[in-house]
2 protein chains.
Amino acid sequence: MSQTRERILAIARELFVRHGYTGTTNADIARELGTTTAALYYHFPSKAAILDGLLAEPLAAYHRITGYLDAGPPAPAELLGAFIDLAADSRELAALIDRDPSVLAVIDKRLPRTIERMTEQVIAALAGPDADRGAVLRAHAAFAAIKHATMAAIALDAGAVDRALDAGALDPADRAEILRIALRILQPPAAD
Amino acid sequence: MSQTRERILAIARELFVRHGYTGTTNADIARELGTTTAALYYHFPSKAAILDGLLAEPLAAYHRITGYLDAGPPAPAELLGAFIDLAADSRELAALIDRDPSVLAVIDKRLPRTIERMTEQVIAALAGPDADRGAVLRAHAAFAAIKHATMAAIALDAGAVDRALDAGALDPADRAEILRIALRILQPPAAD
DNA sequence: GTCTATACCCGGATAGAC
DNA sequence: GTCTATCCGGGTATAGAC
């Protein structure tokens with residue numbers, strides 16, 4: 001692995017997250033890298049390719065999870081847990097995906113299913129087979145809650161260096177709490 | 001009110017929501033309007049001004065709500081309810097705000113407080129005065145859930161024309177359900 | 001593997017006629 | 001109130017030397 005390539009990805013990740021994909025220029029990346037924009041094109045054929053390099057893994061994971069759904073309805077805890085881990089692993093990247101619509105356009109070209117279609121599947125699975133309107137709303141709420149709470153949890157540690165080694169990882173206690181929250185969201189009101 | 005102005009806003013709203021702010025060009029708006037890009041500049045001094053025209057009201061409402069927080073801690077149900085209504089009123093616009101970072105840049109120039117600062121305040125208010133880590137996570141979860149569930153509820157009606165007059169408005173039953181969900185999220189796990 | 005130089009296009013915005 | 005024409009800047013990408 002060219003290690004300049006890795007540096008470019010690291011820099012791009014940071015800039016994309018902070019300023020968005022369209023809000024970041026090749027010149028911005030090159031400046032941070034200490035080279036010129038032309039140098040980037042030795043390592044990547046296009047700007048979109050840099051984005052691809054960043055999102056390939058998390059998107060594959062997303063696709064893998066929704067693939068399981070085809071087999072049959074999973075336990076909500078499993079599904080929600082998988083998404084917590086996905087959000088934690090991809091960190092700030094998760095936010096990037098649905099922030100900039102132009103990112104979606106880039107992504108959807110290289111995916112078997114569109115993001116939108118995958119999300120629909122997840123909602124359907126969370127809402128359950130005989131979902132009424134309330135169940136669908138709760139599924140949306142749970143899905144959104146997981147993603148944002150996970151990102152918030154990681155962000156809370158952003159400054160703290162004393163949290164042992166793996167700064168940026170999701171605290172197991174936080175994971176448990178978030179899962180608990182999400183599962184409770186899915187409960188119909190009658191079960192209150 | 002120039003009614004061409006209103007048409008431009010309506011068109012821009014739709015395009016911004018669908019393709020994002022940076023993903024929409026003046027040419028796109030002009031095409032839909034049936035004129036040229038130059039014509040837009042008779043009605044608005046810049047592209048950013050069109051965005052302003054669209055977001056002014058919802059942002060003022062957001063600012064008004066956070067203003068109340070300065071006075072003292074509100075009942076969570078009031079605060080959450082206010083945000084459900086805000087999300088419902090601004091519809092798809094709500095999504096626009098935290099999607100494109102360049103939108104944030106435009107907005108923050110004309111706001112007394114930054115969006116980020118306002119969000120922090122809301123989270124703090126929802127988490128409560130003696131908030132532990134779990135309470136903060138629950139606050140984030142509740143805030144995200146409200147926004148997404150409300151947008152989902154409205155989206156569910158998108159196609160249905162038979163829902164009497166006010167298509168696009170939030171069903172009171174949905175509102176109640178979403179509020180119930182959000183309030184439950186804020187409950188500490190012990191209260192399960 | 002990185003440079004200089006530059007082509008090319010496109011988006012926002014302006015000038016001035018009608 | 002809208003047009004034609006055009007400027008300007010900046011962004012992606014390429015050519016070709018080193």
Side-chain angles (χ1 to χ4, degrees), chain A residues 1-56 96-97 99-110, chain B residues 1-56 96-97 99-110:
Chain A
M1 291 283 173
S2 156
Q3 62 130 302
T4 326
R5 195 190 141 91
E6 298 308 311
R7 278 192 62 215
I8 292 173
L9 287 175
I11 291 167
R13 167 189 293 243
E14 196 189 320
L15 294 179
F16 286 172
V17 167
R18 181 154 26 228
H19 306 294
Y21 173 66
T22 48
T24 302
T25 69
N26 288 343
D28 293 334
I29 299 173
R31 190 180 317 116
E32 204 70 24
L33 185 65
T35 64
T36 62
T37 62
L40 297 177
Y41 284 82
Y42 176 81
H43 302 278
F44 293 92
S46 71
K47 186 188 177 187
I50 301 180
L51 182 64
D52 273 351
L54 241 26
L55 296 183
L96 187 61
I97 291 180
R99 268 171 95 135
D100 199 332
S102 23
V103 171
L104 274 185
V106 172
I107 288 172
D108 278 344
K109 278 176 191 158
R110 43 183 310 292
Chain B
M1 291 280 174
S2 157
Q3 61 132 301
T4 324
R5 196 190 140 91
E6 299 307 312
R7 277 193 62 216
I8 292 173
L9 286 176
I11 291 168
R13 167 188 292 244
E14 196 189 320
L15 293 178
F16 286 171
V17 167
R18 185 162 15 235
H19 306 294
Y21 174 66
T22 47
T24 302
T25 68
N26 287 344
D28 292 335
I29 299 173
R31 190 180 317 116
E32 204 70 23
L33 186 66
T35 65
T36 61
T37 63
L40 298 177
Y41 284 81
Y42 176 81
H43 302 277
F44 294 92
S46 70
K47 186 189 177 189
I50 300 180
L51 182 64
D52 273 350
L54 241 25
L55 296 183
L96 189 61
I97 292 180
R99 269 172 95 135
D100 200 331
S102 23
V103 171
L104 275 185
V106 172
I107 288 172
D108 280 343
K109 278 176 191 158
R110 46 184 308 294

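Below, chains carry the letters A, B, ... as their sequence lines are ordered, and counting in each starts from 1.
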Legend entry - Atom pair distance, as rounded to whole Å: CZ in B:R7 and C1' in D:dT2: 13 Å
Legend entry - Check: B:Y21 and A:T22 side chains under 4.5 Å, non-hydrogen atoms: no
Inset, instruction - Could you grab the distance from atom OH of B:Y42 to atom CD1 of B:I8, nearest 0.5 Å is fine? - result: 11.0 Å
Legend entry - Gap separating the CG atom of B:L96 from the CZ atom of B:R18, nearest 0.5 angstrom: 13.0 Å
Legend entry - A:Y41 OH to A:I50 CD1 distance, which is reported to the nearest 0.5 Å: 7.5 Å
Inset, instruction - Mind calculating the distance between CD1 (A:I29) and P (C:dT2) to the nearest angstrom? - result: 15 Å
Inset, instruction - For A:D28 and D:dG11, give me the distance from atom CG to atom C1', rounded to whole Å. - result: 10 Å
Inset, instruction - Could you please name the option among C:dT2, D:dT2, C:dT4 that lies closest to any side-chain atom of B:A39? - result: D:dT2
Inset, instruction - Using atom CZ of B:F44 as one end and atom C1' of D:dT2 as the other, report the distance to the nearest whole Å. - result: 16 Å
Legend entry - Stepwise side-chain contact (heavy atoms from CB on, under 4.5 Å) check, B:F16 with B:I29: CA-CA 10 Å; B:F16 286 171; B:I29 299 173; 4.2 Å; yes
Legend entry - Nearest-angstrom distance from the residue atom NE2 of B:H43 to C1' of D:dC3: 12 Å
Inset, instruction - Can you figure out which of C:dA15, D:dG1, C:dT2 approaches the side chain of A:Y42 most closely? - result: C:dT2
Inset, instruction - Kindly compute the distance separating CG (A:L15) from CZ (A:R13), expressed to the nearest 0.5 Å. - result: 12.0 Å
Legend entry - Residue A:T35, side-chain heavy atoms: nucleotide from D:dG1, C:dA15, C:dT2 that is nearest: C:dT2
Legend entry - Strand contacts (DNA chain D) in residues 46-56 of chain B, 4.0 angstrom heavy-atom criterion: none
Legend entry - Gap separating the CD atom of A:E6 from the CD1 atom of A:I11, nearest 0.5 angstrom: 11.5 Å
Inset, instruction - For DNA chain D, determine which residues of residues 17-26 of chain B have any heavy atom closer than 4.0 angstrom to one of its atoms, and list them numerically. - result: none
Inset, instruction - Output the distance between atom CG (B:L51) and atom OG1 (B:T24), rounded to the nearest 0.5 Å. - result: 10.0 Å
Inset, instruction - Would you kindly give the CZ-to-P distance between B:R5 and D:dG1, to the nearest whole Å? - result: 12 Å
Legend entry - Polar side-chain atom of B:N26 near backbone of B:K47 as donor-acceptor pair, under 3.5 Å: no
Legend entry - Which nucleotide in D:dA13, C:dG1, D:dT2 has an atom nearest any side-chain atom of A:Y41: D:dA13
